[in-house]
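Chain identifiers are assigned alphabetically (A, B, ...) following the order of the sequence lines, protein sequences preceding nucleic acid strands; residue numbering begins at 1 within each chain. What you see is a predicted model; the values in this text were computed from it and never measured. Values below: every heavy atom of this structure, side chains too, minus hydrogens, waters and symmetry copies.
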Number of protein chains: 2
Amino acid sequence: MRVLVVEDERGMAEALRRGLAAEGFVVEVARDGPSGLDAARFGGFDAVLLDVMLPGMSGYTVVRTLRAEGVWVPVLMVSAKDGEYDEADGLDYGADDYLTKPFSFVVLLARLRALLRRDPAPRPAVLQAGGIRLDPATREVTVDGGRADLAPREFLVLQHLLAAAPAVVAKETLLSQVWGDASDDPNVVEVYVGYLRRKLGRERIETVRGAGYRIGP
Amino acid sequence: MRVLVVEDERGMAEALRRGLAAEGFVVEVARDGPSGLDAARFGGFDAVLLDVMLPGMSGYTVVRTLRAEGVWVPVLMVSAKDGEYDEADGLDYGADDYLTKPFSFVVLLARLRALLRRDPAPRPAVLQAGGIRLDPATREVTVDGGRADLAPREFLVLQHLLAAAPAVVAKETLLSQVWGDASDDPNVVEVYVGYLRRKLGRERIETVRGAGYRIGP
DNA sequence: ACCGGCGCTGAGAGTCCCCTGAGAGCGCCT
DNA sequence: AGGCGCTCTCAGGGGACTCTCAGCGCCGGT
């Protein structure tokens, strides 16, 4: 297993290198944001340990850039910032886990193992299809760049349609996932698709008669 | 998104139920280990929030049992134990993340989203035979690359013919699988095969007199 | 070549699927 | 209290889809 450690502080980087090597990992170290980003892009690592405070480019920017480029290597962020919003931001930018300094090395190892045993096929944090963009973290929806203002229920329906795109989503699926009961009256789904069409544009949601709905062309 | 909360303490369970529901999750609650295990097994949830201290069976045992049975639903453990070894144990038993009480709800949400991001829904296989391609997920049918527009019943008939290809499918089989009643008038099958031939090309569905139909050569 | 029966097809009626406008109930904010 | 936004139900209408029916063609056996 190859692990990339991005950490500028010499002592910490060295400690991690030794500790992980002793556990059988092959470790490489990068000392600033840009070189860490580059190594993560092309280095073929199985996981990345990423400090937040880095020279040149913050860890947040590194992980966001990676995800935007379609690089899905598991990322474990490590930071001295322990504010709850720092942590939530790191995760929403696409990190898979977040540890606060000081941390226990035992816990670090366990979290690394947990990341490595998951299938490395995460989806982007932001859903995007057919000219529609939806951010689950900020609850923001844009259509061809313009902001759309959605009610909570409308947001949920759209979220499921986007997550499934380009597949067709059955009304029963939406009922069970959004309303929690597949045996409800399907008409409520039709009504909400109607609301969404009014706000996003009629052609953005396609009806597949007898099957369900689908995003865009 | 459907989330299972396994938590015996009434106040905490209720707080989680409300908070998650407000974020648009469909929430179910189990109050002890065994019933939580059962719900996680068969409930079809997208994620599980699992307390460690539970009546009947500990959270550790629950997650270990699930993994041993091949159930890979994302599990976020929540515990009042903050010992580093407790956390490492939880993760090594198969939990995907571990939070220590008291925790910030904002962080819980971000971690939940990070987990849900990780496993894309499995897509049913694409059926292909005799120059015809049928994708059950997108409901798309192409003939030699050109798109064909099928009604729901037509789609179902074609799906069964393709799934069986190159075998011959009896009219009675189609009646029972598509119409749900083998004793119906077989003429309706002939009519629908006629519709399909008109849309896909006459020679694409072959008649085997006295036996049924088969997809092209 | 003839005949019986299996399969094919055009037309039409009925069904049901989906869309929409109106409005009631509810909670929240002013 | 009043207004507002959100959710959901209801009923009507339009149109796609389904199915039946009846007549005809064609295959295979004698």
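- Atoms CD and NE2, on B:Q177 and B:H160 in that order, are 4.0 Å from each other to the nearest 0.5 Å.
- The CD-C1' distance, from B:E190 to D:dA22, rounds to 13 Å in whole Å.
- Annotation: salt bridge (charged side-chain N to carboxylate O under 4.0 Å, His left out) contacts of B:R204 (sequence neighbours excluded): B:D144.
- Listed pair A:W179 / D:dT7 fails the phosphate criterion, with no side-chain N or O lying under 4.0 Å from OP1 or OP2.
- Ion pairing between B:D96 and A:R118 holds under the 4.0 Å rule for side-chain N and carboxylate O.
- Computed from C1' positions of five pairs at each end, the angle between the two local axes of the helix from C:dA1-D:dT30 to C:dT30-D:dA1 equals 30°, rounded to 10 degrees.
- Salt-bridge check for A:D89 with A:R64: failed, with every basic side-chain N at 4.0 Å or more from each acidic carboxylate O.
- Applying the side-chain hydrogen bond (donor to acceptor under 3.5 Å, both in side chains) rule to B:D92 yields the partners A:R113; only residues at least two apart in sequence or on another chain are considered.
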Between the protein and nucleotides 10-16 of chain D, list the N/O to N/O atom pairs that are separated by less than 3.5 angstrom.
unit_1: D:dC10; atom_1: N4; unit_2: A:N187; atom_2: OD1; d: 3.1

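- Proximity of residues 152-162 of chain B to DNA chain D (heavy atom under 4.0 angstrom from any strand atom) is restricted to B:P152, B:R153.
- If you walk DNA chain C from 5' to 3' and mark each nucleotide with an atom closer than 4.0 Å to a heavy atom of chain A, the marks span C:dC17 to C:dG21.
- Residue pairs meeting the ring pair (Phe, Tyr, Trp, His ring centres under 6.0 Å) criterion with at least one partner in residues 180-207 of chain B, sequence neighbours excluded, are B:W179-B:Y192, B:Y192-B:Y195.
- In this structure, B:R139 does not pair ionically with A:E206, as no charged nitrogen and carboxylate oxygen lie closer than 4.0 Å.
- By the side-chain hydrogen bond (donor to acceptor under 3.5 Å, both in side chains) test, B:T207 pairs with B:R197, sequence neighbours left out.
- Near DNA chain C, meaning a heavy atom under 4.0 Å away, the residues from residues 195-207 of chain B are B:R197, B:R198, B:R202, B:T207.
- Legend: residues meeting side-chain contact (heavy atoms from CB on, under 4.5 Å) with A:Q159, ordered by chain and number and at least two apart, are A:L127, A:L134, A:P136, A:F155, A:L156.
- For CE of B:M57, the number of neighbouring non-hydrogen atoms (other residues, nucleotides, ligands) closer than 6.0 Å is greater than 12.
- Side chains of A:V48 and A:L76 form no contact here, defined as non-hydrogen atoms less than 4.5 Å apart.
- The local environment of CG in B:D149 is sparse, with at most 12 non-hydrogen atoms from other residues, nucleotides or ligands closer than 6.0 Å.
- Surrounding OH of A:Y85 are at most 12 heavy atoms belonging to other residues, nucleotides or ligands under 6.0 Å away.
- Listed by first and then second residue, the side-chain hydrogen bond (donor to acceptor under 3.5 Å, both in side chains) pairs involving residues 3-15 of chain B are B:E7-B:K101, B:E14-B:R17, B:E14-B:R18 (not counting sequence neighbours).
- Listed by chain and residue number, A:E87, A:D97, B:D97 satisfy the salt bridge (charged side-chain N to carboxylate O under 4.0 Å, His left out) test with B:R111 (two or more places apart in sequence, or in another chain).
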